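All remarks here apply to the structure that follows.
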Amino acid sequence: MNKKSTKIESFRKKLARIVEVGASDDLISRGYDFFITAVIVVNLIASVLATFQNIQTSYGGALDAVETVTAACFAADYILRLFAARYIYGIRSESRAIARYALSFGGIVDLLSFLPYYLPVFFPAGAVAFRMFRVVRIFRLFRINAYYDSLNAITEVLSKKKQQLLSSVFIILVLMLGSSLCMYSVEHDAQPDVFENAFSGIWWSVSTLLTVGYGDIYPITTLGKLLGTIITFLGVGMVAIPTGIISAGFVEQYAQLQTTGTVARERDISFIRFRLGANDAWCGKMIRELQLPHGVILTAVHRDGEMLIPKGDLALQDGDAVVLGAEPLSDHINIVLKEVTLLEKSPWNGELVRDLDISRQTILVMVKRGSRVIIPKGTTRLRAGDVLLLHTKANLPGSKDVKI
């Protein structure tokens, strides 16, 4: 890779850190977050003000200018995210990374935030239809949700409780259809023009079950009124179910955030850090493909001066520094190693590890050479002054025990 390509790749890495949600100490990234948030808010305010006829008449030119500038900012943000997609998602394949962003919910919203503004230039006949698509840009407010942890709790709760919420919505839909059919059976003869068929009572069941009560459609028979009363009571309970689920989810979420620090202090976690080589089995694999033992978690990946969050689709690369975490054992079993300092006259001085005359029940675990710690390989050559840590049952003269 030449210097020009290296500079481009380095720029793309920095760009990925800037366009994504920045850490509190990354001023450039946080500044970009604030800028995009301000553009979103200004664009939406201008879109709302443009619906007032008197404001449109007086300040139409200014609102159009705001629309032009903000649409250009959205387009630039979309292009930058496409350009940096490979490093945003940590995927080696350029096409896969671009496709993942372009086909994601956020990517589609980003595209529709500016594309309808420029499409009438090429297709004037569809200007009205394209203008309707601009409403999609309101979903860019979810970007703001990602920038702040307090707002991010909303999506966390909805994600965790989605199964319960879907179940409650299904129950509401079943009751809606059932109440419509029942009311049709009871009220059809008395109000044939109002309850014409089985689905004509859907609007009534929606307004009743969801406790809106518009009153444009209502039962007039005694049995219909009784049935309507029962369905209204059911509606109050049905609406309360998703409300209770979301409320309980918020309580759990904030309780978890408050107790995380306390739990982290009470329970120690052991971490190890190592660097991947080109020949390691994990190199080139996604994190979700790794078969980690139970109780072990991959906590961080350090790559080119950047600390990456280890998501399942992050592919490990040659040179990555990987951090593993594990809960320490509570069985209080100590491992005793032998520590030996290698002398000038030692037969192991100057020997390769693979050539050592060593017992099969002895394992050379580590070599400490000055301030360095060396993981011994077959090609590691020992030197005088090296401190060797061995796991062995043999009695080694001049050694001392080290408990782990």
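As the structure is a prediction and not an experimental result, all values here were calculated from the model.
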### Query
With Y184, which residues qualify under ring pair (Phe, Tyr, Trp, His ring centres under 6.0 Å), at least two apart?
H188

### Query
So with a 6.0 Å cut-off around NZ of K13, is the heavy-atom count from everything else above 12?
yes

### Message
Heavy-atom count check: over 12 atoms from other residues, nucleotides or ligands less than 6.0 Å from N279 CG?
### Response
no

For the pair [X] (side chain) and [Y] (backbone), establish whether a donor and an acceptor sit closer than 3.5 Å, ignoring hydrogens and angles.
| X | Y | value |
| --- | --- | --- |
| N349 | A384 | yes |
| T221 | E187 | no |
| T57 | Q53 | yes |
| T70 | E67 | yes |

### Query
Does Y87 have its ring centroid less than 6.0 Å away from the ring centroid of F11?
no

Any side-chain heavy-atom pair from [X] and [Y] closer than 4.5 angstrom?
| X | Y | result |
| --- | --- | --- |
| L342 | R383 | no |
| I231 | L175 | no |
| P242 | K161 | no |

### Message
side chain to side chain contact (heavy atoms under 4.5 Å, CB included), that's the test. Do L49 and Y59 meet it? Break it down for me.
### Response
CA-CA 9 Å; L49 292 178; Y59 304 100; over 6 Å; no

Give, for atom [atom1] of [X] and atom [atom2] of [Y], the distance between the pair rounded to the nearest 0.5 Å.
| X | Y | atom1 | atom2 | result |
| --- | --- | --- | --- | --- |
| F114 | T68 | CZ | OG1 | 14.5 Å |
| I98 | L103 | CD1 | CG | 11.0 Å |
| S113 | I108 | OG | CD1 | 11.5 Å |

Mind listing the closest non-hydrogen atom pair of [X] and [Y] along with its distance?
| X | Y | result |
| --- | --- | --- |
| P376 | V353 | CB-CG2, 4.3 Å |
| Q191 | P219 | NE2-CA, 3.8 Å |
| A71 | Y118 | C-OH, 3.9 Å |

### Query
Of all residues at least two apart in sequence or in a different chain, which pass the salt bridge (charged side-chain N to carboxylate O under 4.0 Å, His left out) check with R96?
none

